[in-house]
Participant: 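First the structure, then my questions, so here it is.
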Amino acid sequence: MSIPRELYPTEDDLPYEEEILRNPFSLKQWWRYLVARADAPFTKRRVLYERALQALPGSYKIWHAYLRERLELVRNLPINHSLYQALNNTFERALVTMHKMPRIWIMYLVSLTQQKLVTRTRRTFDRALCALPVTQHDRIWEHYLVFVSQRGIPIETSLRVYRRYLKYDPSHIEDLLEFLLNSELWQEAAERLAGVLNDDRFYSIKGKTKHRLWLELCDLLTQHATEISGLNVDAIIRGGIKKFTDEVGRLWTSLADYYIRRKLVEKARDIFEEGMTTVVTVRDFSVIFDAYSQFEESMLALKMEEMSDSEVEDEGSNGEVGAEEDVDEEDDRLNVAKLEKKLKEFWLNDDKDIDLRLARLEHLMDRRPELANSVLLRQNPHNVEQWHRRVKLFEGNPTKQILTFTEAVRTIDPMKAVGKPHTLWVAFAKLYENHKDIANARVIFDKAVQVNYKTVDHLASVWCEWAEMELRHRNFKGALELMRRATAEPTVEVKRRVAADGNEPVQIKLHKSLRLWLLFVDLEESLGSLESTRVVYERILDLRIATPQIIINYAVLLEDHKYFEDAFKVYERGVKIFKYPHVKDIWVTYLSKFVKRYGKSKLERARELFEHAVEQTPADAVKPLYLQYAKLEEDYGLAKRAMRVYDQATKAVPANEKLSMYEIYIARAAEIFGVPRTREIYEQAIESGLPDKDVKAMCLKYAELEKSLGEIDRARALYKHSSQFADPRSDPDFWNKWHEFEVQHGNEDTFREMLRVKRSVSASYSQTHFILPEYLMQKDQMQTLEEAKDVLKKAGVADDEMAALERQLAPPENDTKSKEQSRVVGFVSAGVVESNGQKITANNEDIELPEESDSEEDDDKVEIALKEVPDAVFGGLIRKRDEGDEAEDNSTAKNKDSDGPLGALERIKRRKQQAS
């Protein structure tokens, strides 16, 4: 066989050839030769590889490079090409010496897998596993599983491979389960999955929980119930129900579905019923009930379809006449078809049970509220409200209601009850009462009062309901006897026995229940005598369970029977027992009743009671008592004492009520002693430390009083005093009142003084709280000048005088300009400002006023309009004036002619006479 020319070494190859001839077993020389001829055709490189491998058959580097080039050569060729066979032969030759190299095996196995040579690939995989050590098997199994998972691989082959793989690594059983499910091998999948769940050491490499695996097993068993055998499905699912409580509803429906697929319909119904009566959550109950109702509806629909089909068949078969009437009975026994037909026609196997199925479905729907209530009671059997709802479900069925009540009172533990357990006993007794069975109702109540409830109020409620039942049936003596029995104090022996046991029942504390005593008192007042009622009230007071209302009721009872002193003694006991604020109603009632009863006859005792009451009463509640005290003095005592009480009240009440108290004081003083007497009260109020707002209001009222009396100067002084509490920006009403006052009663000087005070107060508030911008201050000043001009024009001042006054009020122009240049906008100076090195006083609020003469000549020029003083000003003193004799008139005339100090009215009258 001739060798082609291109395979012979060229001149460029001679150096490499010489090196190889000198050292044919040098891997380095061969590798340099191959690298140098990297661009040569594969046929030439193949010759080089073969020569190298012949010299170095155990070189992994050369074999690996050679096999990679052969793989690249066949990459784009079809799998039936002849080069694939040459490639496989090369791999086989390589494995003679490279059988311990997993990479060579993997390259070969991947190539065989792509060639779709199933048998050869499987055997090669087995050879690789036999040749390589166990520590390197995982690299082979990875490709082996990919190979057996391909389409076209026989299922039995794949299954056997997976089984072998599990012996190598049991943790990958989930791969086998996935393969079994994909291959529809349900039996082995169920067995394997059950084994996994029974293995406590199993750990899922895919992150699946035992709960999820349980659900997968249940779905597998129920969906393929007819194809899986050998497993106790019922026990498996019930075990999951006990172990996993959050999917109970789904597991019960899965178990029922299993029996439905096995065509065990009645067994499935039993499973549904058992599930609904054992679940403890409403969600699980809803899942089971919905599945149960859907099952019954589907069974009913299926039966109706079968009935319609059978009717059509019967109509077709009615025309045919049987020809086997002469057959012997022995032949009938051997005919299986006829026997089956006869069995179907038997009445116990009647297929026409649509009415029964429909009734079963309706019964299931009607039972839903009862079943749902049972679920809630299984969650908490001590829930009183749910028991009441259960009784209400059986409304109209007394037997079921009685059975429900009996079960409820037996089940509920009063110490663990949610709600009020005594209401069940009461409702149980009322059930008998509504059906005219009073004897059994009494039996129920008698058992109810023996129960150890959590609180005394529950037991007291049962006794009260029992007594009210007796009252409804006109058994008044029985009701009273029940109350005496309930309120009886346990004996010392009973208390000692209970203390020894260490567990004190509520019956020991029942005799201190206020609810029982209130009902007992009501019954005694209605049915008993006064003496028995007083005994009950005294017993309540002795037990120290009385309330202020009980004290008042007791006293009113005694008053109704004309025992006034006893009633007042009860009030005295009440005010000693209780403190504020509970004793307030007792004091008010006691004092009002005492004053109404005795009035003036026991005035000193009443005063002592009021003094004692106001001493014990806190400041925020003492005002009504002081008013009541003052009313007593006005009606039956002395006016001076009444004024003293009012004065004490103004000092005792809190600051927020002082103003109203002073107003009442002033009004009463004016009515009793006349208006001039109120001046002292006004002055006292202003100096008593009232809040600024109240001081201002009091000053305004005082000023109105002085103005009505003609004391203009005193009124003006009050306005000036109260102006310090009124900010012109926020309280314009005050300044408007002073403005009107000056227009009516003042002159030019007093008006200017008012304006000066207003500016001064405004400045003080500005410096204290905030600083106004420059343009706002100028605006306020301009408004003040305009208002002043309008007021003076209305007062009749001439224009020339107005212009002169305006010039006096307005600042000089030069000063204004210098101010604008040296003053920063938005800054109000309160001190000294430097201008051109000179200090200038910045306070321009001081107004130079002309010296006023105090001589009477100037006063004579003022004409004041006179009004008569109304008689109401003098109050009760007007009577003394009318009853005065002539001697007093003469002495008054002498005083007028004397040079002593005169009042304001006398001076005005004398000046008027001199002017005329």
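The model shown is predicted, which means the values in this text are computed figures rather than measured ones.
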Participant: For the residue pair W587 and H582, is the inter-centroid distance of their aromatic rings smaller than 6.0 Å?
Facilitator: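 No - the distance between ring centres of W587 and H582 does not fall below the 6.0 Å cut-off.
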Participant: So do the side chains of K512 and R544 get within less than 4.5 Å of each other, counting heavy atoms only?
Facilitator: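 Not touching, per the 4.5 Å side-chain cut-off.
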Participant: For atom CZ of F578, is the number of surrounding heavy atoms from other residues, nucleotides or ligands below 6.0 Å larger than 12?
Facilitator: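 Atom CZ in F578 is crowded, with more than 12 foreign heavy atoms closer than 6.0 Å.
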Participant: Identify the two heavy atoms, one from A669 and one from I681, that lie closest to each other, and give their separation to 0.1 Å.
Facilitator: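 A669 and I681 have their closest heavy atoms at CB-CD1, 3.4 Å.
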Participant: Is there a side-chain contact (heavy atoms from CB on, under 4.5 Å) between R597 and F568 once you walk through the steps?
Facilitator: CA-CA 11 Å; R597 170 66 181 165; F568 295 145; 4.0 Å; yes
Participant: Got a second to check how far R573's CZ is from I577's CD1, nearest 0.5 Å?
Facilitator: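 R573 CZ to I577 CD1: 6.0 Å, rounded to 0.5 Å.
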Participant: Cut-off 3.5 Å, side chains only: do T617 and K584 have a donor facing an acceptor?
Facilitator: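 Short answer, no.
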Participant: Main chain of D585, side chain of T589: is a donor-acceptor contact present, judged purely on distance under 3.5 Å?
Facilitator: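 Yes; at least one donor-acceptor contact below 3.5 Å.
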Participant: Should R668 and E671 be marked as a salt bridge (charged side-chain N to carboxylate O under 4.0 Å, His left out) after you check the CA-CA gap, both sets of side-chain angles, and the distance that decides it?
Facilitator: CA-CA 5 Å; R668 301 307 300 159; E671 183 178 350; 2.5 Å; yes
Participant: Determine whether V645 and L632 make a side-chain contact, defined as any pair of heavy atoms from C-beta on separated by less than 4.5 Å.
Facilitator: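 Side-chain contact under 4.5 Å: no.
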Participant: Step by step, work out the side-chain contact (heavy atoms from CB on, under 4.5 Å) result for K758 and W738.
Facilitator: CA-CA 10 Å; K758 184 176 182 180; W738 194 2; over 6 Å; no
Participant: Are the side chains of F741 and I712 in touch, meaning some heavy atoms are under 4.5 Å apart?
Facilitator: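 Touching, per the 4.5 Å side-chain cut-off.
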Participant: Step by step, would you call E524 with Y537 a side-chain hydrogen bond (donor to acceptor under 3.5 Å, both in side chains)?
Facilitator: CA-CA 10 Å; E524 287 290 352; Y537 272 117; over 6 Å; no
Participant: Could you check whether R534 makes a cation-pi contact with Y563, meaning its NZ or CZ is under 6.0 Å from the centre of the six-membered ring and within 45° of the ring axis?
Facilitator: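 Checked: cation-pi criterion met.
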Participant: Using a distance-only test with no angle check, is there a side-chain donor-acceptor pair under 3.5 angstrom linking N553 and Q549?
Facilitator: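 The answer is yes; a qualifying pair exists.
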Participant: Considering only heavy atoms from C-beta outward, does the side chain of Q628 approach that of K631 to under 4.5 Å?
Facilitator: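 Side-chain contact under 4.5 Å: no.
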Participant: May I have the step-by-step check of salt bridge (charged side-chain N to carboxylate O under 4.0 Å, His left out) for E565 and K602, ending in yes or no?
Facilitator: CA-CA 13 Å; E565 282 299 326; K602 294 187 178 182; 3.6 Å; yes
Participant: Parallel under 30°, tilted from 30 to 60°, perpendicular over 60°: which one fits the rings of Y665 and Y646?
Facilitator: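 Taking Y646 first and then Y665, their aromatic rings lie parallel (interplane angle under 30°).
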Participant: Decide yes or no on side-chain contact (heavy atoms from CB on, under 4.5 Å) for R641 and R607, but give the supporting numbers first.
Facilitator: CA-CA 11 Å; R641 292 186 66 93; R607 286 171 177 168; 3.2 Å; yes
Participant: Please name the pair of heavy atoms, one in I550 and one in I545, separated by the smallest distance, quoted to 0.1 Å.
Facilitator: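 The pair with the smallest heavy-atom distance is CD1-O, 4.5 Å.
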Participant: Please determine whether salt bridge (charged side-chain N to carboxylate O under 4.0 Å, His left out) holds for the pair E633 and R644, giving the CA-CA distance in whole Å, both sets of side-chain angles, and the decisive distance to 0.1 Å.
Facilitator: CA-CA 10 Å; E633 293 292 349; R644 191 183 307 162; over 6 Å; no
Participant: Find the distance between CD (Q684) and OG1 (T650) and round it off to the nearest 0.5 Å.
Facilitator: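 Spacing of CD (Q684) from OG1 (T650) equals 5.0 Å.
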Participant: Any side-chain heavy atom of D694 within less than 4.5 Å of one from K658?
Facilitator: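 Side-chain contact under 4.5 Å: no.
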Participant: Under 4.0 Å between a Lys/Arg side-chain N and an Asp/Glu carboxylate O for E608 and R605?
Facilitator: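 No salt bridge links E608 with R605.
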Participant: Is the number of heavy atoms from other residues, nucleotides or ligands under 6.0 Å of K707 NZ greater than 12?
Facilitator: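 Enclosed: over 12 neighbouring heavy atoms sit under 6.0 Å from NZ of K707.
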Participant: Measure the CG-OH distance between L609 and Y571 for me, rounded to the nearest 0.5 Å.
Facilitator: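 With rounding to 0.5 Å, CG (L609) is 12.5 Å from OH (Y571).
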Participant: Can you name the closest pair of heavy atoms from Q724 and H721 and give their distance?
Facilitator: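 Result for this residue pair: NE2-O, 2.9 Å.
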Participant: I'd like to know if the side chain of S760 reaches the main chain of R756, judged simply by a donor and an acceptor atom lying under 3.5 Å from each other, with no hydrogens or angles considered.
Facilitator: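 No: the side chain of S760 does not pair with the backbone of R756.
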Participant: The test is side-chain hydrogen bond (donor to acceptor under 3.5 Å, both in side chains); show your working for Q616 and H612 and say whether it passes.
Facilitator: CA-CA 7 Å; Q616 293 185 349; H612 184 54; 3.0 Å; yes
Participant: Does the pair W735 and D727 meet the rule for a side-chain contact (heavy atoms from CB on, under 4.5 Å), with working shown?
Facilitator: CA-CA 9 Å; W735 296 98; D727 184 5; over 6 Å; no
Participant: Can you see whether E572 engages Y590 through a side-chain donor-acceptor pair at a distance of less than 3.5 angstrom?
Facilitator: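 E572 vs Y590: donor-acceptor pair found between side chains.
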Participant: For L516 and C464, which heavy atoms make the closest approach, and how far apart are they?
Facilitator: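 Closest heavy-atom pair between L516 and C464: CD2-SG, 3.9 Å.
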Participant: Strictly by modelled atom types, are T750 and E742 linked by a side-chain donor-acceptor pair under 3.5 Å?
Facilitator: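 Indeed, the side chains of T750 and E742 share at least one donor-acceptor pair under 3.5 Å.
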Participant: Can you tell me how far CZ of R759 sits from OG of S764, rounded to the nearest 0.5 angstrom?
Facilitator: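 Answer rounded to 0.5 Å: 13.0 Å.
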Participant: What verdict does the salt bridge (charged side-chain N to carboxylate O under 4.0 Å, His left out) test give for E657 and K623, after you've listed the backbone C-alpha separation in whole Å, the side-chain angles of each residue and the deciding distance to 0.1 Å?
Facilitator: CA-CA 8 Å; E657 294 182 356; K623 182 178 177 181; 5.1 Å; no
Participant: So, Y629 and Q648: side-chain donor and acceptor under 3.5 Å apart, yes or no?
Facilitator: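 The answer is no; no qualifying pair exists.
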Participant: So for atom NZ, which belongs to K720, do other residues, nucleotides or ligands contribute more than 12 heavy atoms lying within a distance under 6.0 Å?
Facilitator: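 For K720, atom NZ is not crowded (no more than 12 foreign heavy atoms under 6.0 Å).
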Participant: Measure the CD-CD1 distance between E680 and I666 for me, rounded to the nearest 0.5 Å.
Facilitator: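 With rounding to 0.5 Å, CD (E680) is 12.0 Å from CD1 (I666).
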Participant: Of the non-hydrogen atoms in Y554 and E538, which two are nearest, and what is the gap between them?
Facilitator: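 It is OH-OE2, 2.7 Å.
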Participant: Can you tell me how far the CZ atom of R714 sits from the CZ atom of R679, to the nearest 0.5 Å?
Facilitator: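 Reported value, rounded in 0.5 Å steps: 4.5 Å.
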Participant: Are the side chains of Y682 and L718 in contact, using a 4.5 Å heavy-atom criterion?
Facilitator: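 Not in contact.
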Participant: For residues L557 and E525, report the shortest heavy-atom separation together with the two atoms involved.
Facilitator: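 What the structure gives for the nearest pair is CD2-OE2, 4.3 Å.
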